Visitor: 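Can you keep this structure in mind? I'll have questions shortly.
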Amino acid sequence: MRRAVAENGGMTGPAAEAEHRRGTEATVDLGFIADVIRRRKWLILACTLLALGGMYAYVKRAVPVYTAYSQVILDTRQERVTDVEQIVSDLAVSNSVIAGEIVSLKSNTLIGRVVDKLNLAGEAKGQGGVPPELRDRMIQKVTGNLTVAQVGISYAIGISYKANDPKQAARFANALAEEYIADQVATKRASTLRATAWLQKRLGELSSAVEAADQAILDLRAKTADEVGANQETTAQYLVDLNSRLVATASERSDARVRYEIVSQRLKDSGLTAVAHVVSSPLLETLQRERIDIASEQAQTDARLGRRHPDTVRLDARVKDLDERTEAEVRRIIESMKSDVDVATQREAALQNQIKDIEKRLVTLSAAAVKLNQLEREASAMRMVYENFLSRLTETNAQSDFQRPDARIVTVAVPPTAPTSPRKKLLLMVAGVFGLSLGIAGAFLHEAVTSRVHASGELRQITACPVLGMIPIEPRRRKRPWLADVLSRGDYSPYLDAISALRAQLFDVRSVGRPKVLMLTSALQGEGKSSTCAALAAVLPRVSISAVLLDLDLRRSMTRSVLDLSSQQGCVVDYLAGRIELSELKPAELPFGLRVLAPLRSSPNSADLLASPRLGELVTMLSRQFNVVLIDAPPVLDIADALVLSRHVDTTLLVVRSGMTPKTLVTSAIERLEEAGAPVIGTVMTQVGKGHTAARELYRYDYAR
């Protein structure tokens with residue numbers, strides 16, 4: 001597109017780049033915002049009034065609601081009358097505990113008691129008997145109107161209740177706080193009474209258990225005494241003595257056996273004489289001394305008197321008697337030693353048997369002692385538990401009449417003097433702001449949905465072409481023939497001044513270049529294309545540029561309907577159809593210097609006629625006669641006529657209606673022209689009203705001086 005503009009004398013170089021950069025910069029256009037609000041002011045006003053009206057109707061019909069407020073605080077400073085531990089411990093206040101107390105205050109159980117206490121369900125029904133369903137609905141209603149929350153970071157809990165009656169609101173808030181305090185006291189008292197009853201029952205069981213344990217100890221001791229006959233200490237000492245005696249007896253037996261075995265072995269090996277030398281007894285010692293004496297005397301007698309002497313014989317007899325007596329004594333000693341061994345053995349066996357019996361008795365006593373110790377421990381433990389329970393029972397009995405709540409009321413609710421809702425002024429103000437915001441949002445939403453061209457910057461951005469002119473809307477546009485009236489007047493008006501500015505951009509500015517054959521078209525019908533083309537053709541002769549308007553909108557010619565073409569000879573349709581020759585065509589000359597050649601009737605096959613070679617001959621002939629040929633072409637998007645005409649023109653000017661033509665259609669028109677190879681030199685915004693965004697760029701010069 002830019003290449004086409006350059007080839008036809010359009011804006012190029014730094015100026016075009018700067019123009020394009022200004023069009024593509026994303027900026028916040030406060031003026032555009034103000035223009036949108038101004039254009040949609042009635043929509044915004046309607047939304048605002050609708051919101052205000054709806055809110056006003058609501059506040060007029062709304063029932064006033066009063067909110068009463070009371071406070072309870074969890075008490076951390078506890079009164080200590082005694083050091084007795086309570087059944088229900090005091091609250092260790094924390095955020096979780098406060099949250100739990102808030103849940104308790106909002107519980108349907110506590111609220112139900114307050115509803116019953118104040119007879120709210122009965123008042124609602126108007127009678128004494130209240131069905132459970134009605135009571136449940138009243139509890140749900142009260143819960144919905146109740147707000148319980150922690151006050152800041154303190155230990156205080158605020159209770160807010162809404163009602164249509166201020167006295168009822170205050171009464172319920174105070175009743176709920178009082179019932180909460182009373183519920184704490186009742187809960188502690190009930191817990192204390194339950195604990196007392198349980199302790200009493202348990203004490204009876206423990207008393208019987210302690211008596212049974214003591215009796216079991218006595219029975220075991222009596223049974224042990226009957227079976228054993230002595231206690232464990234005495235029996236153990238007796239066993240020690242027996243063991244000592246057993247050791248001594250065993251030693252004696254061992255010594256006796258050793259002596260007996262030695263004597264028996266000597267007797268077996270050497271006879272009684274040898275045994276007599278190793279055993280001793282008083283008698284044996286006497287006999288041995290006597291024998292020694294007699295043996296000495298015998299030896300002397302035998303040596304002095306001879307063997308046969310009676311004295312010698314008598315001494316021999318005495319020696320023999322002594323030997324017999326010695327042998328008898330030795331045998332007696334040996335038997336005595338054997339008896340000692342037997343006696344010691346028997347005594348040892350008897351002691352062992354006795355020790356075994358004592359050991360059995362000691363085992364029995366030990367087992368009895370173990371069981372006795374166990375019974376005594378059990379009895380001691382039961383006695384200790386009994387004493388603790390007895391002490392705790394005494395303490396709980398003392399507590400049952402003195403229970404202190406964990407919270408206290410710090411703020412008593414009073415009947416509010418003004419309703420908390422509806423806050424009429426605030427609601428009306430909010431409704432006004434909401435309606436205003438909704439209207440503004442709707443205005444911008446409508447603007448975004450329609451997405452129309454409102455300013456030259458938008459048009460420049462979406463087309464990438466310069467905006468060569470901005471044509472204001474003519475106040476006399478609704479009166480026909482308004483165009484002829486405007487062009488015939490000699491004074492300058494904003495409309496004609498804008499047409500002159502467009503003429504200057506097209507034919508006087510060197511950077512644009514002067515086109516020979518210029519086609520004006522638009523995206524849609526009714527965008528001011530024909531009037532702009534006619535006005536431009538009318539002002540060119542004023543600067544000594546001969547121009548002719550060639551209306552090739554064969555389907556719907558606006559020129560024929562607004563201008564007097566009685567002086568025109570021939571019809572463009574007839575010429576293109578081959579019914580007349582080129583020499584038979586002559587443009588109409590209007591009093592205000594406008595020359596027009598237009599179809600005098602409509603043609604349904606306009607595309608075929610415009611594709612005829614005769615059109616080229618017509619354009620060539622007019623180009624020779626006039627400095628500029630202005631072609632009024634049909635809209636680009638409706639039919640293909642403008643695309644067919646584009647091959648006969650030097651450049652094309654796209655007309656866009658301010659605030660009405662959608663951006664997407666403008667883009668589509670530009671794309672269709674580019675695809676057809678039509679050189680687009682720029683765009684023109686038409687019918688710019690004073691309330692439009694583009695008016696800020698147009699109405700900046702005051703003609704009334």
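Predicted model only: the values in this text are computed from it and were never measured.
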Visitor: Under the 3.5 angstrom rule, does the side chain of D650 hit a backbone N or O of V517 as a donor-acceptor pair?
Guide: yes
Visitor: If I compare all heavy atoms of P64 with all of P419, which pair ends up nearest, and what's the gap?
Guide: CB-CB, 3.9 Å
Visitor: Looking at side-chain heavy atoms only, is the closest gap between L590 and R595 below 4.5 Å?
Guide: no
Visitor: By side-chain hydrogen bond (donor to acceptor under 3.5 Å, both in side chains), which residues pair with T683, not counting sequence neighbours?
Guide: none
Visitor: Would you mind reporting whether P416 and Y69 have side-chain heavy atoms less than 4.5 Å apart?
Guide: no
Visitor: Do Q568 side-chain atoms and G570 backbone N/O form a donor-acceptor pair below 3.5 Å?
Guide: yes
Visitor: Taking the side chain as everything from C-beta on, heavy atoms only, tell me whether L524 gets closer than 4.5 Å to P635.
Guide: no
Visitor: Taking the side chain as every heavy atom from C-beta outward, state whether L550 and L618 have any pair of such atoms under 4.5 Å apart.
Guide: yes
Visitor: I'd like to know if the side chain of K162 and the backbone of A169 have a donor-acceptor N/O pair within less than 3.5 Å.
Guide: no
Visitor: Going by heavy atoms in the side chains, are R555 and S602 under 4.5 Å from each other?
Guide: no
Visitor: Would a distance-only check, ignoring hydrogens and angles, find a side-chain to backbone donor-acceptor pair under 3.5 Å from R614 to Y575?
Guide: yes
Visitor: Who pairs with R137 by side-chain contact (heavy atoms from CB on, under 4.5 Å), at least two apart in sequence or on another chain?
Guide: E133, L134
Visitor: Tell me, do M519 and T651 make a side-chain contact under 4.5 Å, heavy atoms counted?
Guide: no
Visitor: Determine whether a donor-acceptor pair (N or O, by modelled atom type, separation under 3.5 Å) exists between the side chain of T521 and the backbone of P634.
Guide: yes
Visitor: Distance-only, no hydrogens or angles: does the T532 side chain make a donor-acceptor pair with backbone N or O of G528 under 3.5 Å?
Guide: yes
Visitor: Check whether any side-chain N or O of Q687 sits under 3.5 Å from a backbone N or O of R657 as a donor-acceptor pair, and report yes or no.
Guide: no
Visitor: Which distance, rounded to the nearest 0.5 Å, do you find between the CZ of F434 and the CG of L427?
Guide: 13.0 Å
Visitor: Using only atom types and a distance under 3.5 Å, with no angle test, would you say the side chain of D632 pairs donor to acceptor with the backbone of L549?
Guide: no
Visitor: Where the side chain of N627 meets the backbone of S546, is there a donor-acceptor pair that is under 3.5 Å apart?
Guide: yes
Visitor: Could you list the residues that satisfy side-chain contact (heavy atoms from CB on, under 4.5 Å) with D608, not counting sequence neighbours?
Guide: N605
Visitor: What closest approach, in Å, do T143 and I111 show between heavy atoms, and which atom pair accounts for it?
Guide: OG1-CD1, 3.5 Å
Visitor: Give a yes or no on whether the backbone of V680 and the side-chain of T652 come within a donor-acceptor separation of less than 3.5 Å.
Guide: no
Visitor: Which atom pair, heavy atoms only, marks the closest approach of A633 to L645?
Guide: CB-CD1, 3.8 Å
Visitor: Looking at every non-hydrogen atom in both residues, tell me the closest pair between G682 and C465 and how far apart they are.
Guide: CA-CB, 4.1 Å
Visitor: Looking only at heavy atoms, what is the nearest atom pair of P599 and S557, with distance?
Guide: CG-CB, 4.0 Å
Visitor: Would you say that T420 contacts Y66 through its side chain, given a criterion of any heavy-atom pair below 4.5 Å between the two side chains?
Guide: no
Visitor: Are T686 and E527 linked by a side-chain donor-acceptor pair shorter than 3.5 Å?
Guide: no
Visitor: Would you say that L653 contacts V684 through its side chain, given a criterion of any heavy-atom pair below 4.5 Å between the two side chains?
Guide: yes
Visitor: Do other residues, nucleotides or ligands put more than 12 heavy atoms under 6.0 Å from the NZ atom of K141?
Guide: no
Visitor: Testing the basics here: between L637 and L665, what is the closest heavy-atom pair and its distance to 0.1 Å?
Guide: CD1-O, 3.5 Å
